[in-house]
Every structure is written in C-alpha cells, then in structure tokens.
J.: 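One structure, as structure tokens, below. Some questions next.
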Amino acid sequence: MESCPSIKNILLLDSEGNRVAVKYYSDEWPNNSVKEAFEKSLFTKTQKTNARTEAEIAMFESHIIVYKFVQDLHFFVTGAENENELILVTVLQGFFDAVGLLLRGTVDKKEALENLDLILLCLDEIVDGGIILETDANVIAGKVASHSIDAAAPLSEQTISQALATAREHLARSLLK
C-alpha cells in the first residue's frame, strides 16, 4: 500500500552554508550537530552547481534532494530515496515562490532574516510533521499574511473576516467598559 508523500526536511541556507531557516520532519538526524554536519556537506556538494534558473535534483546520502538558488539564498527540500521527485520539486517551488511573494520580490539573506517570522510560518503552512499540506505559493503566502496582519492595521488592508474580528474585538471592549 502506498503511503502519502512526505518530506524529510526543508532547508534555507545562505551563500556560506549557514542556516537561515530550517525545519526537520524526520528523526534520522537525532541532534543539532548531526543536522549541521548534514547541512554543511549538502551545501559543499551543491554549491558549484548552477541551480539559479530551475530546480536541480541530486541523490545525497540515500536521500533525494531538490534545490534552487537565488541571490545569496539556497533552498533545499529533502525526501526519501523512493520519493517522487516531481512532488519534491513542487514543494520546493511552492516554498520558493511563497517566499518571493512574502518578501515582495527582494529575495536575499538580509530580507529573509528581517522577515524570518514569515518564512517560518511559510514552512509551517507547507509541511506539518513531514506531510505536505499546501504547494500553491499564493495560498501559502495568503495564509501567512493573514496570520501576520496587525489588528491595528487600517481596515482597508484587512480581509473581511479580519475586519469583522477587529470590529468584534472593539465592540467587546466597549461593552466591557
């Protein structure tokens, strides 16, 4: 019986191989030092490739890795060796495009670090416990933006449900006075 597709980890590294944002969904890497060693060796293996225009696929330590680079950021998605590469590429592209939307087209390390909360929310919207939840970048970015919108933001910048929640909150406050 086929199981549903799953992800082992999603990594966002800088141009030196250092972490920007990472999420592990597998116990194959038991502690932080093993995870960092995996990230360094993966970065070393892939840094000389030209994955700037489209995603590249590689086998690495009996895992399928799909990756893509932009500016000084390196995006990686890892799956089991029997995982479907097209599904992994779809997850990678969804993450890559959602980050592009959330950072308003300025995808570099500085912007990513300034908006790290949005990127981590983005990872949470894409995969939960290794199970793929969403791959459409517009849906992912929309959900992340709705989580992060400030209640004090002007009503014109809120969705209808957010505006109703804000109005409900104001009404409750005025009734409690």
Side-chain angles (χ1 to χ4, degrees), residues 1-14 17-43 45-46 49 51-52 54-105 107-109 111-149:
M1 184 173 167
E2 284 292 313
S3 64
C4 69
S6 66
I7 303 296
K8 300 276 186 181
N9 64 42
I10 299 178
L11 311 172
L12 179 57
L13 306 177
D14 68 10
N18 299 314
R19 290 179 169 187
V20 175
V22 298
K23 277 277 198 171
Y24 283 83
Y25 307 102
S26 169
D27 295 333
E28 288 180 48
W29 301 275
N31 58 43
N32 207 35
S33 61
V34 174
K35 292 174 183 175
E36 287 176 350
F38 174 79
E39 293 161 19
K40 283 289 184 195
S41 58
L42 176 62
F43 176 79
K45 178 180 169 87
T46 60
T49 61
R52 298 212 176 266
E54 58 186 46
E56 295 284 331
I57 300 171
M59 283 296 290
F60 181 74
E61 295 180 1
S62 73
H63 296 94
I64 295 176
I65 311 287
V66 294
Y67 57 97
K68 189 171 185 175
F69 307 153
V70 64
Q71 303 283 14
D72 54 354
L73 291 176
H74 297 225
F75 294 76
F76 297 91
V77 173
T78 305
E81 64 185 334
N82 59 350
E83 199 60 70
N84 185 327
E85 296 89 351
L86 293 176
I87 292 173
L88 297 176
V89 168
T90 304
V91 171
L92 174 71
Q93 196 64 46
F95 178 44
F96 181 83
D97 291 344
V99 168
L101 288 170
L102 291 167
L103 300 182
R104 294 178 183 87
V107 182
D108 61 18
K109 182 181 176 182
E111 266 315 296
L113 289 173
E114 287 176 359
N115 295 286
L116 190 57
D117 59 332
L118 297 179
I119 291 174
L120 293 173
L121 281 171
C122 187
L123 290 172
D124 291 341
E125 291 295 337
I126 296 170
V127 177
D128 184 26
I131 305 301
I132 301 164
L133 301 175
E134 184 62 64
T135 59
D136 184 333
N138 292 316
V139 173
I140 296 163
K143 287 181 178 180
V144 169
S146 70
H147 286 301
S148 65
I149 197 152

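For clarity, every value in this text was computed on a predicted model and none was experimentally measured.
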J.: With rounding to the nearest 0.5 angstrom, report the CG to CZ distance, L12 to F76.
T.: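 The CG atom of L12 sits 9.5 Å away from the CZ atom of F76.
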J.: Between K45 and A58, what is the shortest heavy-atom contact and its length?
T.: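 Shortest heavy-atom separation between K45 and A58 comes out as CE-CB, 4.5 Å.
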J.: Please find the pair of heavy atoms, one from I131 and one from C4, that lie closest to each other, and give the distance.
T.: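 Heavy atoms of I131 and C4 come nearest at CD1-SG, 3.5 Å.
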J.: In chain order, what residues pass the salt bridge (charged side-chain N to carboxylate O under 4.0 Å, His left out) check against D124, with sequence neighbours excluded?
T.: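 Only K23 meet the salt bridge (charged side-chain N to carboxylate O under 4.0 Å, His left out) criterion with D124.
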J.: Give me the one residue out of V91, N9, T90 that meets side chain to side chain contact (heavy atoms under 4.5 Å, CB included) with V77.
T.: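 Between V77 and the candidates, side chain to side chain contact (heavy atoms under 4.5 Å, CB included) is satisfied uniquely by V91.
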J.: Testing V20, D108, V99 for side chain to side chain contact (heavy atoms under 4.5 Å, CB included) with L73, which one passes?
T.: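 Going through V20, D108, V99 one by one, the side chain to side chain contact (heavy atoms under 4.5 Å, CB included) with L73 is satisfied by V20 alone.
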J.: Are the side chain of N115 and the backbone of E111 linked by a donor-acceptor contact shorter than 3.5 Å?
T.: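 Present.
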J.: Once you round to the nearest 0.5 Å, how far does CH2 of W29 lie from CZ of F38?
T.: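 Separation between the atoms: 4.5 Å.
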J.: Can you name the nearest heavy-atom pair linking A21 to L120, along with the distance?
T.: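 Of all heavy-atom pairs spanning A21 and L120, the closest is CB-CD2, 4.0 Å.
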J.: When rounded to the nearest 0.5 angstrom, what is the spacing between CD1 in I57 and CG in L88?
T.: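 Going from CD1 on I57 over to CG on L88, the span is 8.0 Å.
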J.: With heavy-atom distances below 4.5 Å as the criterion, would you say the side chains of P5 and N84 are in contact?
T.: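 Result no, sub-4.5 Å side-chain heavy-atom pair not found.
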J.: Strictly by side chain to side chain donor-acceptor pair (under 3.5 Å), give each pair with a member in residues 127-140 just once, sequence neighbours left out.
T.: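 Sorted result for residues 127-140: empty, none.
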J.: How many angstroms lie between atom CD1 of I126 and atom CG of L121, to the nearest 0.5 angstrom?
T.: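 Answer for the CD1-CG pair, I126 versus L121, is 11.0 Å.
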J.: Please table the atom pairs, donor to acceptor, closer than 3.5 Å between any side-chain atom in residues 59-68 and protein atoms at least two apart or in another chain.
T.:
residue : atom : partner : partner atom : Å
H63     : ND1  : E61     : O            : 2.8
H63     : NE2  : E28     : OE1          : 2.6
Y67     : OH   : T49     : OG1          : 3.3
K68     : NZ   : Q93     : OE1          : 3.4

J.: If you count heavy atoms of other groups shown closer than 6.0 angstrom to CG of N32, is the number above 12?
T.: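 Above 12, so yes.
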J.: Shortest non-hydrogen contact from F95 to C122?
T.: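 In this case the closest contact between F95 and C122 is CD1-SG, 3.9 Å.
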J.: Going by heavy atoms in the side chains, are E39 and V22 under 4.5 Å from each other?
T.: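 They are in side-chain contact.
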J.: How many angstroms lie between OH in Y24 and OG1 in T78, if you round to the nearest 0.5 Å?
T.: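 OG1 of T78 is found 7.5 Å from OH of Y24.
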J.: So, for I140 and G94, which heavy atoms are closest and what is the spacing to 0.1 Å?
T.: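 Between these two residues, the closest heavy atoms are CD1-O, 4.1 Å.
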J.: Please determine whether side chain to side chain contact (heavy atoms under 4.5 Å, CB included) holds for the pair L11 and F43, giving the CA-CA distance in whole Å, both sets of side-chain angles, and the decisive distance to 0.1 Å.
T.: CA-CA 10 Å; L11 311 172; F43 176 79; over 6 Å; no
J.: Using side chain to side chain contact (heavy atoms under 4.5 Å, CB included), reason through K35 and R19 one step at a time and then give a plain yes or no.
T.: CA-CA 11 Å; K35 292 174 183 175; R19 290 179 169 187; 3.4 Å; yes
J.: V34 and N31: which non-hydrogen atoms are nearest, and at how many Å?
T.: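 Reported closest heavy-atom pair: N-OD1, 2.9 Å.
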J.: About how many Å separate CG of L92 and CD1 of I87, when rounded to the nearest 0.5 Å?
T.: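 The CG atom of L92 is 14.0 Å from CD1 of I87, to the nearest 0.5 Å.
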